[in-house]
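Here's the structure, in structure tokens; my notes come after.
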Amino acid sequence: MLALGAVAALALAGCSSDVSGTPAPSGQGASPTPVAAGDADLGALLLDPSQFPAPYDAIVLPPQAIAQALPDLTGIPAGAEVSPAGCKPADPASAALVVGTDNANRATISIELTTVADPLSTREEQLKTCTEVRATKSGATSTIRSTITPAPPIGADDTLAVKQTVSSGSGADSVTQSMLTLMAQVEQTRISATYMSFDDSAPDAATLDELFTAAVQKVKAG
């Protein structure tokens with residue numbers, strides 16, 4: 001069985017002394033690759049953890065945690081074999097990520113900023129084509145199912161929304177990860193807000209929309 005979501009695991013561990021993801025100002029950028037020039041700029045545009053309302057305890061993930069967290073937000077582990085081919089999202093040039101954790105409900109809201117080369121419509125077409133994807137790594141397989149939903153009304157170059165489930169394991173070892181992601185693109189910066197949980201309860205859509213709106217507005221303000 002694939003491990004539980006890295007975003008949830010890292011965020012839940014963020015308050016302990018064993019993980020360096022302690023609360024930090026939004027200027028602490030992070031990247032899934034060696035630090036790129038754009039990371040500092042993205043970090044400055046990222047929402048501050050203090051903007052997350054209760055019960056979300058938010059942290060900016062440090063660079064060493066981003067590589068684990070970003071693939072988890074797509075349901076496809078880094079280095080996994082993907083079927084159908086061509087259904088793996090492109091790696092961003094740089095990234096910054098803040099994660100708020102609702103410990104009582106074992107859920108997270110992640111705000112992700114990435115620098116990308118393609119328009120958001122490219123990702124939308126990929127999701128429409130790849131409605132069901134199998135990702136295999138180290139002998140473990142997960143199934144990612146995606147459904148495009150009405151895009152959020154917000155001022156940006158383009159917007160997109162998608163509901164996803166990531167299923168792995170079987171029987172008593174089965175795990176289902178549910179996600180609702182709102183996306184917008186402003187020039188080469190893509191803003192994604194993802195609510196993630198490990199049950200079938202309704203997402204906290206109101207808080208997700210609130211944080212997504214604030215994230216887009218901060219990027220637009222520069």
Side-chain angles (χ1 to χ4, degrees), residues 1-16 18-19 21 23 30 32 47 49 52-62 64-80 82 87-89 95 97-112 127 130-149 160-183 192-212 215:
M1 179 183 68
L2 292 179
L4 289 179
V7 168
L10 289 167
L12 288 167
C15 296
S16 76
D18 296 328
V19 175
L47 284 185
F52 281 67
Y56 296 95
D57 184 15
I59 62 170
V60 173
L61 294 193
Q64 62 268 31
I66 296 292
Q68 300 174 58
L70 287 190
D72 192 59
L73 293 174
T74 68
I76 300 176
V82 175
C87 287
K88 188 172 183 179
L97 182 63
V98 57
V99 182
T101 303
D102 176 353
N103 290 285
N105 292 310
R106 199 162 166 258
T108 61
I109 292 180
S110 303
I111 303 296
E112 168 194 352
L127 286 166
C130 305
T131 56
E132 183 169 312
V133 177
R134 290 174 62 84
T136 302
K137 182 176 182 180
S138 302
T141 298
S142 59
T143 301
I144 303 96
R145 297 180 176 87
S146 303
T147 304
I148 299 292
T149 64
L160 176 64
V162 59
K163 290 183 178 180
Q164 295 178 293
T165 60
V166 183
S167 304
S168 60
S170 60
D173 293 328
S174 64
V175 175
T176 298
Q177 172 182 315
S178 300
M179 296 182 288
L180 172 60
T181 301
L182 309 180
M183 288 176 265
S192 300
T194 301
Y195 180 89
M196 179 192 298
S197 65
F198 291 91
D199 57 34
D200 56 2
S201 60
D204 184 358
T207 302
L208 181 68
D209 183 70
E210 174 188 336
L211 292 171
F212 173 68

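The figures that follow rest on heavy atoms only: side chains count, while hydrogens, waters and symmetry mates do not.
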To the nearest 0.5 Å, what is the distance between CD1 on Ile59 and CG on Leu97? 9.0 Å
Atom pair CE (Met196) and CE (Met179), whose distance is rounded to the nearest 0.5 Å: 5.5 Å
Can you give me the closest heavy-atom contact between Thr149 and Val162, atom names plus distance? OG1-N, 4.0 Å
Spatial distance of atom CZ (Arg134) from atom OG (Ser167) [nearest 0.5 Å]: 11.0 Å
Evaluate the side-chain proximity of Lys163 to Pro203: yes if any heavy-atom separation is below 4.5 Å, no if none is. no
Residue from Thr207, Asp102, Asp204, Asn103 passing side chain to side chain donor-acceptor pair (under 3.5 Å) with Tyr56: Asp204
Keeping the roles fixed (side chain from Glu112, backbone from Leu73), state whether a donor-acceptor pair exists under 3.5 Å. no
Can you name the nearest heavy-atom pair linking Ser146 to Gln164, along with the distance? OG-NE2, 2.9 Å
Nearest-0.5 Å distance, CD1 of residue Ile144 to NZ of residue Lys88: 10.5 Å
State the CD1-CG distance between Ile111 and Leu182, to the nearest 0.5 angstrom. 8.5 Å
Does a donor on one side chain and an acceptor on the other come within less than 3.5 Å for Thr141 and Thr136? yes
Considering non-hydrogen atoms only, spot the tightest contact between Tyr195 and Ala107 and give its length. OH-CB, 3.3 Å
Test side chain to side chain contact (heavy atoms under 4.5 Å, CB included) applied to Ile76 and Pro71, Cys87, Pro89, the passing residue: Pro89
Which heavy atom of Leu47 sits nearest a heavy atom of Leu211, and at what distance? CD1-O, 3.5 Å
When every non-hydrogen atom of Leu127 is compared with those of Met183, the smallest separation belongs to CD1-CE, 4.4 Å
Can you give me the closest heavy-atom contact between Phe52 and Ile109, atom names plus distance? CE2-O, 3.5 Å
